Amino acid sequence: LLDLLPSGIGLQFDNAQKQYNLAVDEAWQRAYPSMIQSNRPINPDFGPRARAPIERDMKLGFATYLRFSLSGALCASGVHLVLVPLDVAKTKSQINPQKYDFMSSAFASIARKEGLSTFFTGWLPTLVGNFMTGAVLYALTEFIRRSLSDIAGANALTYEVPIILAASGVASTLGAVISCPFEAVRIRTVAQPEFAPNAVSACKKMYNEEGLGSFVNAIPVFVLKNVPYAMTKFTVFDISTERLYDAFPAAHEPLKLSLL
C-alpha cells in the first residue's frame with residue numbers, strides 16, 4: 001500500500017494516538033512547496049478527500065481517447081447545429097451591415113423576406129466541420145495536457161495553467177486548420193445563396209472555379225480567432241472546476257453532483 005503514496009510522502013506512527021499518520025519529507029517540501037501550499041490537503045481520514053494524497057491520473061489507452069474524440073465531436077457539432085440560425089443572422093449582419101444593422105432586425109428581416117428555411121442555411125458544413133474539429137480538439141488537448149503533466153512530475157501543479165494553455169493552444173491550432181474549409185463553404189452559402197443550391201454543390205463549384213486556396217486562405221484568421229478562445233475556455237473550465245471541487249469536496253463522489 002505504501003507504493004500508492006507519492007514520492008516524499010509516507011506514514012509515521014503516533015504513539016500517543018496509537019495510529020499511523022501521513023508524513024511529508026522535509027526535503028521534499030522544500031523541493032515542491034506548491035504541493036504543500038495547494039488547496040489539496042493531505043488528509044488521512046476517510047471521506048471524500050481521503051484519496052487526495054494518492055490521487056493519480058489513470059493511464060489512458062486508444063479506446064479512452066476515442067471516447068474523448070466522440071464526446072467532443074458530439075458536443076461541438078450538436079451545439080453548433082442548434083446555433084445555426086444565430087450564425088446565419090450574424091453572418092448576414094457582418095456582410096451587409098447597412099441592411100442588417102441589429103441582430104434583432106436581421107432575424108425579423110430574414111424571416112419576412114427570405115423565409116424561415118434560410119435560418120438553416122449551411123447546416124451541413126457546420127455539422128461536419130464541428131464534428132471533426134471537436135473530435136480533434138478535445139482528445140488532443142487532453143493528450144497533450146497529460147503528457148506535459150507527466151513530464152513535469154511533482155511540479156505539474158505549479159505549472160498547471162501554462163500546461164493547460166499550451167495543450168489547448170496546440171490542439172486549437174490544428175482545430176482551426178480543420179474547421180476553416182467547412183466555414184468557408186458555410187459562409188459562402190449564407191453570403192451568396194444564389195451561388196449554389198446546397199453546400200455540396202457550393203463546395204464543388206468553389207473548388208472548380210477558385211481552386212483549393214478558397215478553402216484555406218482564411219486559416220490565419222481562424223487561428224487568431226480560435227486559439228485565444230480555446231485557451232481561455234479550457235483554462236477557465238479546468239481552474240473553476242478545481243476550485244469548486246475544493247469548495248465542495250463531496251462533489252467528487254456522486255456522478256450527478258460531479259456533472260453539476
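By convention here, the first residue in the shown sequence is residue 1. Values below: every heavy atom of this structure, side chains too, minus hydrogens, waters and symmetry copies. If you're wondering where the values come from, they're calculated on a predicted model, not measured in any experiment.
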Does [atom1] in [X] sit with more than 12 non-hydrogen atoms of other residues, nucleotides or ligands closer than 6.0 Å?
| X | atom1 | answer |
| --- | --- | --- |
| L259 | CG | yes |
| Y207 | OH | no |
| E209 | CD | yes |
| F143 | CZ | no |
| Y159 | OH | no |

With rounding to the nearest 0.5 angstrom, report the [atom1] to [atom2] distance, [X] to [Y].
| X | Y | atom1 | atom2 | answer |
| --- | --- | --- | --- | --- |
| I151 | I163 | CD1 | CD1 | 8.5 Å |
| F13 | K18 | CZ | NZ | 5.5 Å |
| N96 | T91 | CG | OG1 | 12.5 Å |
| E160 | R145 | CD | CZ | 8.0 Å |
| T64 | E142 | OG1 | CD | 10.5 Å |
| S258 | Y245 | OG | OH | 2.5 Å |

Worksheet entry | From V190, T126, L83, T189, residue fulfilling side-chain contact (heavy atoms from CB on, under 4.5 Å) relative to V88 | V190
Worksheet item: L70: which other cluster members, linking ILVMFWY side chains closer than 4.5 Å, directly or transitively?
Response: L74, F131
Worksheet entry | Pair E114 + K92: basic N to acidic O under 4.0 Å | yes
Discussion item. Could you check whether any side-chain N or O of S172 sits under 3.5 Å from a backbone N or O of G169, counting only pairs where one atom can act as donor and the other as acceptor?
Written reply: yes
Discussion item. Whether the side chain of K205 engages the backbone of A196 through a donor-acceptor N/O pair (distance < 3.5 Å, no angle test) should be reported.
Written reply: no
Worksheet item: Ring centroid separation for F68 and Y65, is it under 6.0 angstrom?
Response: yes
Give the table of side-chain donor-acceptor pairs shorter than 3.5 Å for residues 219-231, with sequence neighbours excluded, one pair per line with atom names and distance.
none

